[in-house]
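Worksheet: one structure, shown below.
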Protein chains: 2
Amino acid sequence: MATAPASHPTTDRPTGDDPRDRILAAAGREFAERGFEAATVRDICLAAGVNVAAVNYYFGEKRRLYIESVKHAHRERERQVPEPRWEPGTPPERKLRDFVGNLLERMLGFGQPDWQVRLMLRELLHPTEACRELVEDYIRPHFDGLVSILRELSADSLDAPRLRRVALSVVGQCFLYRAAGDVVGMLVPASERESHHAPARLADHVTSFTLAALGAGPPLGGAWSRGPGEGAGSDGSEDGAP
Amino acid sequence: MATAPASHPTTDRPTGDDPRDRILAAAGREFAERGFEAATVRDICLAAGVNVAAVNYYFGEKRRLYIESVKHAHRERERQVPEPRWEPGTPPERKLRDFVGNLLERMLGFGQPDWQVRLMLRELLHPTEACRELVEDYIRPHFDGLVSILRELSADSLDAPRLRRVALSVVGQCFLYRAAGDVVGMLVPASERESHHAPARLADHVTSFTLAALGAGPPLGGAWSRGPGEGAGSDGSEDGAP
DNA sequence: GATTGTTTCAAACACGCGTTTGATGCGATC
DNA sequence: GATCGCATCAAACGCGTGTTTGAAACAATC
């Protein structure tokens, strides 16, 4: 069932002459495209332009090469899309927009090849031993940053669990476009996809959706006059007791 | 690197005596757990209690068995968790809560084994030839149902593309818990996970978050936030038939 | 009981996999 | 120039895979 290697040998061969790096790059692409089991050491070495034995010479075994290539992809992506920094006094609405924009850019950005993200995605969806490291070093700091932005936005009116759930709502909205992008593409007309599914456009949507949910921005739908006692056509049976 | 089969031979052997069905069930579990490449015909047959040659006798080849087991899982899940029906006049807030509850119950529900969902998830994340069928027959109708609920909720003040993006925000919030559940589990303390990540609790959160964003419910961070009491009887007693 | 067609089985087959091996090339060091 | 250590290579080694085979077990029909 094996076909040609996933990478394009003519363009992919890195100019760097370090065989170790060439193997890491080729392995990342192959693992991202085919998964750990289906990717073969032979194809990786063919794409990297090295002998089959090189993998075991430099990495000992296939599993170790996989772990190293996940870490490598993570570092590369972090270098390519650095996280935003704000000077003191930046309004939290702006921070949220920047954060979401950065997250989506990192996940969907067309500027760079996306195999790094796809490789990391595989880890998140079906964790192996490389996953916990990835979460602790990479994801948790970002997640905590998001939570503190949301804490600012809600003016400390939400407790930590609630803030975490809101943060997961934000991440979930972005995550869908990356993880299930193919299915989203089938559900949405092509014209709309091109015009409104660019990272910046999606960031606008997710941000305003979240701000509205927190009461820190205008609601998306009908008129919602702030202040108790107004229902805007709602019959008042919101969420709690069904 | 192969370990023991994913299924539990003592409890999994179906009572039905049709070998074809036994193979389908065992194959679904193995493919869901390990993926197409890593799952082996031998393990599947061991779990199903049939000879190795049975797979080729009944299905011709491994690939065909995979496709058939995806379809089988889809049909089974649809039978187990039917979509909710409402009588005319049901308020859209209630419909949204039911829809989200049903979606989460279907994705996360602990009542049934979850291998069907995991198998379908694999298809969505890395589509093969079985995917398009799955989207058109199964996902699009549900998605359209959600869009029309949201249209009701927004009192026709949002155009179709905007409605679709809101719908994707709803689905994304739920999807994260299913697809990246392991990572979510690492980010959230265990106590909170147990108390607030049951399907019904998550449905409450996603629903109120969405209603607030649409202006059809009180914002989460503002004056409406209810006191520390909360907890008002939101057990899972009322989504679609479990 | 013989015959026919279907289902099950243990055994084998051919192939591709990850990994190992031992020889070879090559630059640095003495 | 001899020696050493590192890097590279073609070839092979086990092993597990999906698949095939040919015979045995079984059920139904004549």
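Scope of the values below: all heavy atoms of this structure, side chains included, with no hydrogens, waters or symmetry mates. Throughout, protein chains are lettered first and strands after them, A, B, ... in sequence-line order, and every chain is numbered starting at 1.
- Using a 4.0 Å cut-off between charged side-chain N and carboxylate O, A:Lys71 and A:Asp137 make no salt bridge.
- Atom pair B:Arg42:CZ and C:dA10:P shows a separation of 13 Å (rounding to whole Å applied).
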Polar atom pairs (N or O), protein with nucleotides 20-28 of chain C, under 3.5 Å:
none

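- Closest to the side chain of A:Thr40, out of D:dT8, D:dG18, C:dC17, is C:dC17.
- Counting any heavy atom pair closer than 4.0 Å across all strands shown, B:Phe59 reaches no nucleic acid atom.
- The aromatic rings of A:Phe209 and B:Phe209 sit tilted, their planes meeting at an angle between 30° and 60°.
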What verdict does the side-chain contact (heavy atoms from CB on, under 4.5 Å) test give for A:Tyr57 and A:Asn51, after you've listed the backbone C-alpha separation in whole Å, the side-chain angles of each residue and the deciding distance to 0.1 Å?
CA-CA 10 Å; A:Tyr57 181 76; A:Asn51 189 272; over 6 Å; no
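- Residue A:Arg22 contributes atom CZ, which lies 14 Å from atom P of D:dA7 at whole-angstrom precision.
- Look at CG on A:Asp43: it is 16 Å from C1' on C:dT19, rounded to the nearest Å.
- Taking atom CG on A:Asp18 and atom C1' on D:dT8, their separation rounds to 14 Å, with Å as the unit.
- A donor-acceptor pair under 3.5 Å links the side-chain atoms of B:Arg140 to the main chain of A:Met186, judged by distance alone.
- OP1 and OP2 of D:dT20 both lie 4.0 Å or more from every side-chain N or O belonging to B:Tyr57.
- If you take CD1 of A:Ile23 and P of D:dC9, they are 10 Å apart, rounded to a whole angstrom.
- Among B:His72, B:Arg79, B:His74, the one residue that satisfies the side chain to side chain donor-acceptor pair (under 3.5 Å) test with B:Glu76 is B:Arg79.
- Counting to the nearest Å, the P atom of C:dC17 and the CD atom of B:Glu37 are 10 Å from each other.
- Whole-Å rounding puts the A:Arg34 CZ to C:dG16 P distance at 15 Å.
- Residues A:Leu103 and A:Val170 have side chains not in contact (no heavy-atom distance under 4.5 Å, counting atoms from C-beta outward).
- Protein atom NZ of A:Lys62 is 8 Å distant from nucleotide atom C1' of C:dC17, rounded to whole Å.
- Under the side chain to side chain contact (heavy atoms under 4.5 Å, CB included) test applied with B:Leu168, the options A:His205, A:Gln173, A:His197 reduce to a single match, A:His197.
- For A:Tyr58, counting side-chain heavy atoms from C-beta on, the closest listed nucleotide (C:dT8, D:dA7, D:dT19) is D:dA7.
- Looking at heavy-atom distances under 4.0 Å, A:Ala38 makes no contact with the nucleic acid at all.
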